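Worksheet: the structure to be examined is printed underneath.
Quantities reported herein were computed from a predicted structural model and do not represent experimental measurements.
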Amino acid sequence: MSSANSVMDRSTISGSKTGDVVLSARNVAKSFGSVHALKSVNFDIRRGQVTTLFGENGAGKSTLMKILSGVMQPSAGEIVLDGESVRFSSTVDAQRHGISIIHQELSLAPNMNVRDNIFMGRELGGPGGVDYAGEARETERLMAELDEPIDPMTLVEDLRLGQQQIVEIARALSVNSRILIMDEPTSALSASEVEVLFRVIEDLKSRGVSIVYISHHLEEALTITDHAVVLRDGAMTAWAERREIDLEWIVRHMVGENFDLGSPPTGYEMGEVALSFDNISVADVAVPERSVVDRLSLAVRAGEIVCIYGLMGAGRTELLECAAGRVPASDGRIMLEGEDISGLSIAERIERGLVLVPEDRQRDGLVQTMAVGENLSLASIGAFTRGFLTSRAREQNVIEDSIRNVHIKTDGGAAGIGSLSGGNQQKVVIGKMLATRPRVVILDEPSRGIDIGAKAEVFRLLAEGASKGLAVIYSTSEVGECLSVAHRIVVMSRGRISAEFGADVSREEIMAASGESVAG
Amino acid sequence: MSDVRQSASPASSSPSSDRVAPRRTGGFDLGHILLEGRAFFALIAIIVIFAMLSPVYFSTANFLTMSSHVAIFGLLSIGMLLVILTGGIDLSVGSTMGLAGVMAGFLMQGVSVDAFGVTLYPPVWAVVVLTCVLGAFVGMINGVLVSIFRVPAFVATLGTLYVARGAALLMTDGLTYNNLSGNPELGNTGFDWLGFNRLFNVPVGVLIFAAVAIVCMFALNRTPFGRWVYATGGNARAAELSGVPVKRVQIWVYVLSGVCAAIAGLVLSSQLTSAGPTAGTTYELTAIAGVVIGGAALTGGRGNVRGTLLGAFVIGFLSDGLVIIGVSSYWQTVFMGAVIVLAVLLNSIQYKPRKKRTASTENQKASSPSGPA
Ligand SMILES: Nc1ncnc2c1ncn2[C@@H]1O[C@H](COP(=O)(O)OP(=O)(O)OP(=O)(O)O)[C@@H](O)[C@H]1O
Ligand SMILES: [Mg+2]
C-alpha cells in the first residue's frame, strides 16, 4: 500500500496547474429506495483550491462526498478524474487514485492506539514485520504538524472527541493524497485547533492538493474557501467564487431566506435557583489525583439560559456529565431545586427533570440498532406507559411531536438511524431529551453538525422553554452561539470559572477570558 | 452574482415545509421477504422434504411429539434471546437445567431435617417454585458478575456452567433420581403431569413453552422493560444516559434466563421421569443456535421472539426428521452445523448491507430493525 501512495506525490500533481478541474461529478444521482438523496448533481474539484459545499442537513453533501471517495456508487451519472471517466469500487480504490476522505462520523477503532489507527490497513513494512518505530515517528510528526501533543501510544477511546477528530484528520493527511475531502472536520474542534487546521490546509493548497470542505460553521468556512457550492434537497442550487459572495448569500441559497440566530429571550421574571453546583470537583479518569473540574460553583435559575464557553479540555464535558450522574463528583454537592442529588442515578435525575444532551452522538446519544422513533422516545418511556404496558398511539404522538419540533428530516419514525444525515442524527439526540419535558436541560455542544436553520429552531425551543421556567445550561466552543442565546456567559478554563459575563459582552472579551490567545 | 446552474429555485418553498419527507408507501420486494422470513421458509422446506421422505413425519401425533422436544430447548432459547438482545450470552443454561432437574428430584425424595429428625415431602407446586428460585439464583449470580463486576458474559457464564454442573453431580454423587412420581400417602404426586399430561390434546410442556413465549413477546414489545433490553444491547452508554437502568436490566435478563432453564429442567425430568446430573449437557449451544437461526444478532439489540421460536422449531423438526428417516447421528451433527453456519451467513447479509445489494433492499432493511415480534 505504501508504495501506491508515493506514486502520486508531487510529480503526478504538477502535470496540471492551479484552478484546473481535477475531479468532477457529472449528473450524479443517488437514491435510497424512495429517497432521492442526490438528483443529477454536477460538481467540480479544482487543483490546489478549496471548494466548500454548503447545504442544510440532509441536503446530500455527505452522500456526494461518499460517492466521490468510493464509499458508495452513484445510481446514475459518472465521475471524471483528470478528464477520464472512472469508477471507484471501494475507498481503497479511490485512495489509489489519490482521493481520501475525512468522514463526518469518526471511523476510528477506539480500542487501538493513535499510531495503529493512523496506519490501519497501510502498515509500514519493516525487517521484522511492521515498522512500529517508523510509524510512531511519522505519527509524532503529524501530531506536531497539527499542533496537538498526543502520544502515539494513547488509546483512541481515552481521547476526548476533539482529539479523536484530529487523529482522523492526521490519518487522512498521512495518505498524501492529491484530493482531500473533509466532511465537517471541525465540528468538535476548538477555535485554536481550527486555526491550526487552516494553516495545514493552506500548506496543502500550496503543494497542489485539492480540497473539498464541508462545514456548518459558515463564517469559518468562508475564511478558507476559494469556491462555494450550495446543495439543496439533493440538487445544486448555486455556485460562486469566494470573492463574489458573503455569508448572507450562502444562507439565502441554503435555506431560501436570511436567518438570524436571534437574541436571548426577555420579558419575563426568572425564578428560583433550579440547579446549583456547590464546590464541585471531578477527578481525572486517568490521573485520579488531578481534578478536571476544580471546586467550581455555579447556580442557574429557572428561566435562565447560561452558556458555558471554554476551550476543549477546559472541563466542561466532565462538569456536565457529573451533573447528569454519568461521572461521580470527587467533592462538593449538586443541588436540583434545593435538593441534594449527588447520590441519585441518571434515571432518577431524568425523572426529576434534569437531562443531558451528550456531546458524542454516536457513542452516547444514539442506539444505532433502533429506529428513529424508538430513539426519540427512549428517554420518555414513562410518559406513554400505563401500568406495565406502553401505548403505541401515545408513543407515536411523542415521536411525531419530536420530529416536528426539531425538524428532523426523516422518512418517518420507523426509518433506521443510519439512514439519517449527520445533522439529523444530532437532532434526534436533542429531540429525545427535550421530549422528556425537562425542568433543567444541559446541552453539551448540541450544535455539532446541525445547520443554521435547525440551530435557530433549537435556540427558539430553548428560549420558549426558558420563558416558561426551563433552566438551560448550554456548552459551546462557538462564541457566536453564546451571544445569541445566553443571558449569562460563563467562561471555563482549566476546570474553573475564569470569568462571567452578561449578555452584552463582546466576542473578544469572552475569547480572552478563555485563554484562547495564549492556548498552545 | 450567483450562478444558479440547476433548475430548482431556492426561494420558492419555505425552509421547513419540505424537511419532513412523506412516509414511505411500503414497497414489495421478494428478495427482502425471503431474507426476512428465512427461518419460516426453512421450516416449511424442512416439513415438506421430510413429509415426502417419510410417511409418518406429517401427522398431528408426530408434530406434537416433536413439539414437546422443541419445548425443552425452545424454553432455553427464549431465555437466551433476552440475554443475547442485551449483548450478552448465557452459557450456563444447560447446566442450570441439569441442576434444576436434580434439585426437583432431590426435593421429591424428601428432605430430612436432622435437627427434628423428620423428613419433609414438599408438595409438587412447592418443588416447582423452589426449583425456579434456584434457576433465578444461578441467573442472578451471572447477572451480578456481568453487570456489577463487569466480568465478560462469556467468561462469567462459562464459570457458572462448570459450577452448576459440578453442584448437580455433587448433589447426586453422579447418580440419577429415578423415581419422581411421588407417593399418594405423602401428598406429593403429580410431577409427571408436566411431561406427560395433555390439555386440549396438547402436551403440557408445549403449552408452558407457548405461555413463556407469549409472555416474553409481550414483555419485549409492549413494556418499558422490553425497550430497555433492546436499548441496552444496541448502545449501553446511550441507553444509560437516556435513563435506562442498564445494570438492573442486565441482571434481570440473566435471572429470567435462569428461570427459563429451570422450567426446561422441570419439563425434561418430568418427561423422562428421572433426573440425572448430566441432563442438558451442551443444550446451551442448541439454545444459542435457535436464537441465531431466528435472526438475532450476537452483538445485541436485534432479534425477536417470533424468530427465535422459528429457530427452535427449525432445529427440532430438522433433527427429529433426520432421526425418523434414519440418517446416522454423525450426519445429523454435520447437518445441524451446516444449518447454523448458513443462518449466521444470512444474518450478516441482512445486517451489513454493502455492495451487491440494490439500494431499495438497503432501504427496506433500514426501516425494519429490531422490530416487533
Ligand atoms: N443509507 C441511507 N438510507 C436511506 N437514506 C439515506 C441513507 N443515507 C443518506 N440518506 C438520506 O439522504 C439524504 C442526504 O443525506 P446526507 O447524509 O448526504 O446529508 P448531508 O447533506 O450530509 O447532511 P448533514 O449536514 O446533516 O450531514 C438524507 O435525506 C438522508 O436521510
Ligand atoms: Mg453529512
Side-chain angles (χ1 to χ4, degrees), chain A residues 30-35 42 56 58 75 230 232-233 235-240 244-245 249 252-253 255-257 324 326 345-347 350-351 356 358 363-371 374 378-379 381-382 385 388-390 403-404 407-412 414-416 418-419 432 453 457, chain B residues 1-16 18-25 27 218-219 221-228 230-235 237-245 297 299-302 351 355 359-371:
Chain A
K30 178 78 184 174
S31 308
F32 300 97
S34 61
V35 179
N42 290 306
E56 282 181 293
S75 315
V230 182
R232 190 161 181 220
D233 283 331
M236 198 179 88
T237 52
W239 173 90
E244 296 173 357
I245 59 167
W249 180 91
R252 184 157 43 82
H253 283 90
V255 293
E257 63 186 64
R326 155 56 69 70
S345 70
I346 299 175
I350 293 176
E351 216 158 274
L356 167 72
R363 199 178 54 165
D364 298 328
L366 299 168
V367 180
Q368 285 83 358
T369 51
M370 300 196 347
E374 290 169 321
L378 184 60
I381 295 181
T385 303
F388 271 118
L389 299 186
T390 54
I403 290 180
R404 212 166 325 111
H407 290 297
I408 299 168
K409 183 177 173 186
T410 170
D411 217 6
S419 75
K432 169 174 77 174
E457 200 51 45
Chain B
M1 68 192 192
S2 69
D3 171 1
V4 180
R5 284 196 193 166
Q6 311 262 319
S7 54
S9 144
S12 61
S13 60
S14 87
S16 55
D18 48 4
R19 280 185 171 198
V20 181
R23 214 161 262 269
R24 190 178 24 258
T25 41
F218 243 91
N221 287 318
R222 298 299 306 277
T223 68
F225 175 75
R227 204 54 77 74
W228 292 344
Y230 281 109
T232 302
N235 184 350
R237 284 181 68 111
E240 197 178 14
L241 271 182
S242 303
V244 174
T299 44
R302 297 184 208 265
Y351 295 132
K355 292 132 211 169
S360 90
T361 334
E362 215 166 289
N363 193 40
Q364 292 276 335
K365 172 246 139 207
S367 65
S368 58
S370 52

Check whether B:F225 gets within reach of chain A through its side chain, its backbone, both or neither, counting any heavy atom under 4.5 Å. neither
So for B:P245, is it side chain, backbone, both, or neither that comes closer than 4.5 Å to the heavy atoms of chain A? neither
Measure [X] against the heavy atoms of chain B and call it side chain, backbone, both or neither at under 4.5 Å.
X: A:T385; value: side chain
X: A:L366; value: backbone
X: A:R326; value: side chain
X: A:I350; value: side chain

Kindly give the heavy-atom pair with the smallest separation between [X] and [Y], and that separation in Å.
X: A:S34; Y: A:D411; result: OG-OD2, 4.2 Å
X: A:W239; Y: A:M236; result: CB-CE, 3.9 Å
X: A:A240; Y: A:I245; result: CB-CG2, 3.4 Å
X: A:A371; Y: A:A414; result: CB-O, 3.7 Å

Just give me the residue among B:R227, B:R237, B:E240 that pairs up with chain A most often, heavy atom to heavy atom, under 4.5 Å. B:R237
Given side-chain contact (heavy atoms from CB on, under 4.5 Å), test A:E374 with B:Y230 step by step and report yes or no. CA-CA 10 Å; A:E374 290 169 321; B:Y230 281 109; 6.0 Å; no
Could you check if a side-chain atom of B:T223 sits within less than 4.5 angstrom of a side-chain atom of B:W228, using non-hydrogen atoms only? no
